Amino acid sequence: MKYPLIALTAAFTSGIFFSTLYTVPFFLLLTFLLILLCISWYLAGSGREWFPYILLITAFVLGSMRMQHSHQSKVTPLFENNFIRGMKLYGTINTCELPARGGMIFSVTADSICKGDSVYISKKLLLVNLYEDSIAQVPAHLKLKPGNKIIVNGNYYRFKKKSNPYQWKEDAYYARLGYAGKFRITHPDSMIIADSTESFYETLVLNIRQGIDSRLDSLFNDETYGLMRGLLLADRRGMNREVVSQFSDAGVIHI
């Protein structure tokens, strides 16, 4: 094999493309892969000329498995409705974003969701938005920590599908992150912390980020603080819209 890396990459890519056309059960692909690995191990020291072809087939199967796994792990929306008013969510906080103007964002692993007398049992991940006016009226909500068990009253939304060419695919983006929908809290008393148990590692990371954020806020003016927060803490909600637009136009918004 003259250019092994190129050949293996091509075989892997071909496996991905094959899985977009034909569906092969994942366990069959896994079984076939194990057989190929055993054959490859046996032939590795034999010097037989057809060993490279076994490696190419193995790369092809790995590509197919990668695509199959991607399809199987894709998160589906919690409900088919685009909007459901007045639902109650019971769950555990997974991660918390830094507070900012416009609201607070955190993720919740659901235990159950209620609508009237109907109860839906689910372990899916949901994105929860707490509006700014709620934060101003209920400062205790700023003390949310990963691991807390909470009860949330709010409205359920599905993530938006793309409606125009080149539009951002909100539903696809959040599905890749594991989210099955979002909750919006509209009243200051719509959330209760039922259990203040904390997750050690996630809380430690949050405390460090909050400490850095507080220090940046005390050192810089609003414009510089927003920029530094975006660059150092990966949260650009405090950045000036014009600055964000300039970064985007320059093609360096990913920084």
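Counting from 1, the numbers follow the sequence of the chain as shown. Predicted model only: the values in this text are computed from it and were never measured.
- Under a hydrophobic clustering in which Ile, Leu, Val, Met, Phe, Trp and Tyr are joined whenever their side-chain heavy atoms come within less than 4.5 Å, directly or via other members, V205 and L231 fall into different clusters.
- Between M87 atom CE and S118 atom OG the span is 8.5 Å, to the nearest 0.5 Å.
- In this structure K123 satisfies the side chain to side chain donor-acceptor pair (under 3.5 Å) test together with D111, sequence neighbours excluded.
- Below 30°, between 30° and 60°, or above 60°: for Y157 and F83 the angle between ring planes is between 30° and 60°, a tilted geometry.
- Residues M104 and L144 form a side-chain contact, since some pair of their non-hydrogen atoms from C-beta on lies under 4.5 Å apart.
- The cluster map of Ile, Leu, Val, Met, Phe, Trp and Tyr, joined by side-chain heavy atoms under 4.5 Å apart, puts F79 and I121 in different clusters.
- For the salt bridge (Lys or Arg N to Asp or Glu O under 4.0 Å) test, no residue two or more places apart in sequence or in another chain qualifies with K124.
- Under the 4.0 Å criterion applied to side-chain N and carboxylate O atoms, K145 and E202 are not assigned as salt-bridge partners.
- Between M191 and I151, the closest side-chain pair of non-hydrogen atoms is not below 4.5 Å.
- Here the CG atom belonging to N207 is positioned 6.0 Å from the CD atom belonging to Q210, to the nearest 0.5 angstrom.
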Exercise for review: Apply side-chain contact (heavy atoms from CB on, under 4.5 Å) to N81 and R158, showing your working.
Suggested key: CA-CA 7 Å; N81 307 62; R158 280 186 63 170; over 6 Å; no

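- In this structure, L227 and M239 approach most closely via the heavy-atom pair CD1-CE, 3.8 Å.
- In terms of heavy-atom proximity, A180 sits nearest to Y156 at O-OH, 3.3 Å.
- Going from atom OG1 of T76 over to atom CG of D171 covers 12.0 Å, rounded to the nearest 0.5 Å.
- Between L206 and C96 the shortest heavy-atom distance is CD1-O, 3.6 Å.
- Every residue was checked against the salt bridge (Lys or Arg N to Asp or Glu O under 4.0 Å) condition with K161, not counting sequence neighbours, and none meets it.
- Residues forming a side chain to side chain donor-acceptor pair (under 3.5 Å) with S107 (at least two apart in sequence, or on another chain): T95.
- Taking all atoms of both residues into account, the shortest heavy-atom contact from E97 to R209 is OE1-NH1, 4.1 Å.
- Every residue was checked against the salt bridge (Lys or Arg N to Asp or Glu O under 4.0 Å) condition with D217, not counting sequence neighbours, and none meets it.
- Among all heavy-atom pairs drawn from Y179 and L126, the shortest one is CD2-C, 3.7 Å.
- To the nearest 0.5 angstrom, L8 atom CG is 10.5 Å from T13 atom OG1.
- F18 approaches S64 most closely through the heavy-atom pair CD2-OG, 3.9 Å.
- Legend: residues meeting salt bridge (Lys or Arg N to Asp or Glu O under 4.0 Å) with D235, ordered by chain and number and at least two apart, are R229, R237.
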Exercise for review: Go through the steps for F12 and T9 under the test side-chain contact (heavy atoms from CB on, under 4.5 Å), then give the verdict.
Suggested key: CA-CA 5 Å; F12 185 83; T9 302; 5.7 Å; no

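- By the neighbour-count criterion of 12 heavy atoms within 6.0 Å, atom CD of E170 is densely surrounded, having more than that number from other residues, nucleotides or ligands.
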Exercise for review: I would like to know whether Y225 and D213 meet side-chain contact (heavy atoms from CB on, under 4.5 Å); could you show each step before the answer?
Suggested key: CA-CA 9 Å; Y225 161 67; D213 180 58; 2.6 Å; yes

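- No donor-acceptor pair closer than 3.5 Å links the side chain of S214 to the backbone N or O of G211.
- One hydrophobic cluster holds both L78 and F106 under the rule that ILVMFWY side chains link at heavy-atom gaps under 4.5 Å.
- More than 12 heavy-atom neighbours from other residues, nucleotides or ligands sit within 6.0 angstrom of CZ on F159.
- In the hydrophobic clustering of ILVMFWY residues, with side-chain heavy atoms under 4.5 Å counting as a link, F17 and I57 come out together.
- If you chain together hydrophobic residues whose side chains sit under 4.5 Å apart, V119 and V108 never meet in one group.
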Exercise for review: Apply the test side-chain contact (heavy atoms from CB on, under 4.5 Å) to residues K149 and I193: give CA-CA distance (whole Å), side-chain angles for both, the deciding distance (0.1 Å), then the verdict.
Suggested key: CA-CA 6 Å; K149 291 188 176 298; I193 299 177; over 6 Å; no

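- To the nearest 0.5 angstrom, F220 atom CZ is 9.0 Å from R215 atom CZ.
- For the pair N155 (side chain) and G86 (backbone), a donor-acceptor distance under 3.5 Å is present.
- In this structure a side-chain-to-backbone donor-acceptor pair under 3.5 Å is present from N148 to S196.
- Within 6.0 Å of NZ in K115 there are more than 12 heavy atoms belonging to other residues, nucleotides or ligands.
- Remark: of the listed residues L130, I192, I113, L89, L89 is the sole one forming a side-chain contact (heavy atoms from CB on, under 4.5 Å) with V152.
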